[in-house]
Amino acid sequence: MKKGIAVLLALALTLCMGLSAVAETYDIALITDIGTIDDKSFNQGAWEGIKEYAEANGKTYNYYQPSAQGTEIYLDSIEQAVNDGAKVIVTPGYLFEEPIFIAQDMYPDVSFILIDGNPHDANYNYRTEKNAVGIIYAEEQAGYLAGYAMVKDGYTKLGFMGGMQVPAVIRFGYGFVQGAEAAAAELGISEITMNYHYTGNFAATPEAQSLAASWYNDGVEVIFGCGGPVGNSVMAAAEAAGGKVIGVDVDQSSESETVITSAMKGLSASVVKALTAYYEGNFPGGESWNLGAADKGVGLPMETSKFNTFSQEDYDSVYAKLADGSIQLKNDADAETATDLGTTIVKVTIVE
């Protein structure tokens with residue numbers, strides 16, 4: 001009798017374990033970059049795209065938050081997602097370029113959507129297999145819109161505080177300078193000043209907040225906080241000093257009353273677009289998407305922006321020129337530093 005009960009218990013346990021495994025199987029997975037799915041930035045934008053598509057199309061989904069930064073650690077999270085049944089994995093951030101280069105070969109039956117980069121090895125040899133797609137954005141256009149709007153709205157003392165000096169952040173900053181220059185030229189303004197700095201990380205730190213506070217105290221009116229949580233340091237300084245802030249990546253107006261607008265990428269929309277293609281059997285494997293104004297891949301959240309005079313009509317006009325190519329911008333491939341943009345009105349001061 002005891003033996004029979006033991007067998008029944010073992011069978012019950014096996015059945016429960018099987019049901020648990022089924023319950024923990026997911027179709028779509030997100031592996032987070034530095035940060036969380038509610039970071040009001042890159043991870044959240046990608047997660048919201050997954051959630052939107054999955055809930056509209058009856059797909060299961062989950063996210064995995066690596067314990068630290070690093071290729072091997074990211075690959076461990078990817079392995080966990082694959083073991084949990086993920087058929088398509090979304091990875092936000094350039095830090096996934098090398099992990100996806102490796103993972104696309106390790107898991108040929110899994111599709112990878114790499115946001116903000118393209119797969120490459122440790123020596124920067126790029127290769128994108130048929131089960132991966134890289135999505136990058138014309139950040140210089142988003143930055144341009146922000147800089148243009150600020151000057152059109154009456155601001156002449158600007159600041160750019162980027163995170164790590166990586167291509168996406170650089171492009172945001174270069175576009176910001178060029179947008180301010182263009183608006184100043186249109187308005188006949190003879191000089192715009194701009195403090196320019198990279199913090200070297202994507203973290204909210206006392207050092208970043210202290211530097212932003214010193215800028216505000218020196219008369220800077222608005223700072224573009226371009227580096228995920230770096231923006232939170234800028235917002236804290238702005239709240240104390242009565243300054244203004246430009247958010248980044250997603251609409252950050254809910255983060256602080258100091259946020260006038262945000263230089264956004266269409267993160268959610270591009271994830272939905274890629275997932276739709278995958279499930280329709282048209283996955284763009286081997287491709288690299290570069291999404292800009294022509295694709296609605298960048299923009300400002302006009303519905304929540306707090307402009308004084310910059311109007312929807314002003315925005316639509318400049319956006320159309322970016323979309324049709326009437327406005328051509330320099331990016332990280334065209335200039336070495338922000339002071340190498342050929343500006344004559346914007347006086348850029350690189351702050352070390």
Side-chain angles (χ1 to χ4, degrees), residues 25-35 37 42-54 57 59-66 69-139 166-168 171 249 265-292 295 297:
T25 297
Y26 305 98
D27 301 314
I28 307 169
L30 172 78
I31 313 297
T32 67
D33 193 356
I34 300 170
I37 59 167
F42 224 69
N43 292 305
Q44 182 169 334
W47 178 245
E48 287 174 351
I50 290 174
K51 185 177 180 181
E52 177 183 339
Y53 180 86
N57 294 278
K59 305 297 181 182
T60 55
Y61 60 102
N62 193 23
Y63 74 91
Y64 301 80
Q65 187 173 328
Q69 175 184 329
T71 295
E72 292 303 321
I73 294 173
Y74 289 164
L75 285 171
D76 287 344
S77 292
I78 290 171
E79 180 182 20
Q80 184 181 353
V82 172
N83 290 340
D84 286 348
K87 302 296 188 297
V88 57
I89 296 176
V90 180
T91 56
Y94 79 98
L95 291 175
F96 281 101
E97 289 179 321
E98 189 175 340
I100 296 306
F101 182 89
I102 298 168
Q104 65 186 351
D105 294 330
M106 293 177 65
Y107 308 106
D109 296 328
V110 176
S111 293
F112 296 93
I113 300 170
L114 172 57
I115 305 295
D116 217 35
N118 289 292
H120 65 70
D121 65 14
N123 295 315
Y124 286 86
N125 297 305
Y126 285 84
R127 173 170 56 85
T128 305
E129 291 299 318
K130 292 183 178 180
N131 61 329
V133 60
I135 303 177
I136 59 176
Y137 303 86
E139 289 93 356
V166 297
R171 290 193 290 268
D249 291 335
K265 301 178 184 180
L267 298 170
S268 297
S270 56
V271 169
V272 170
K273 180 179 179 180
L275 288 173
T276 299
Y278 171 81
Y279 281 105
E280 289 181 350
N282 301 311
F283 186 69
E287 296 181 14
S288 176
W289 289 353
N290 189 344
L291 306 180
D295 314 287

Looking at the rings of Y53 and Y279, which for Trp means the six-membered one, are their centres under 6.0 Å apart?
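Yes - the distance between ring centres of Y53 and Y279 falls below the 6.0 Å cut-off.
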What distance separates [X] [atom1] from [Y] [atom2], expressed to the nearest 0.5 Å?
| X | Y | atom1 | atom2 | answer |
| --- | --- | --- | --- | --- |
| I37 | E48 | CD1 | CD | 9.5 Å |
| Y137 | I115 | OH | CD1 | 4.0 Å |
| T71 | I100 | OG1 | CD1 | 10.0 Å |
| W47 | N62 | CH2 | CG | 6.0 Å |
| K265 | I136 | NZ | CD1 | 9.5 Å |
| D33 | Q65 | CG | CD | 10.5 Å |

Check whether more than 12 heavy atoms from other residues, nucleotides or ligands sit under 6.0 Å from atom NZ of K51, and answer yes or no.
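Count not over threshold, so no.
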Using a 3.5 Å distance criterion without hydrogens, assess whether the side chain of N131 forms a donor-acceptor pair with backbone atoms of Y107.
yes
Sequence neighbours excluded - side-chain hydrogen bond (donor to acceptor under 3.5 Å, both in side chains) pairs with any residue from residues 89-105
E97-H120, D105-R127
side-chain hydrogen bond (donor to acceptor under 3.5 Å, both in side chains) against D121, all qualifying residues, sequence neighbours excluded
N125
I'd like to know if the side chain of Y63 pairs up with that of N43 as donor and acceptor (distance under 3.5 Å, no hydrogens or angles considered).
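No - no donor-acceptor pair under 3.5 Å links their side chains.
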Under a 3.5 Å threshold, yes or no: a donor from one side chain and an acceptor from the other, between S288 and Y126?
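S288 vs Y126: no donor-acceptor pair found between side chains.
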Looking at side-chain heavy atoms only, is the closest gap between T32 and P92 below 4.5 Å?
no
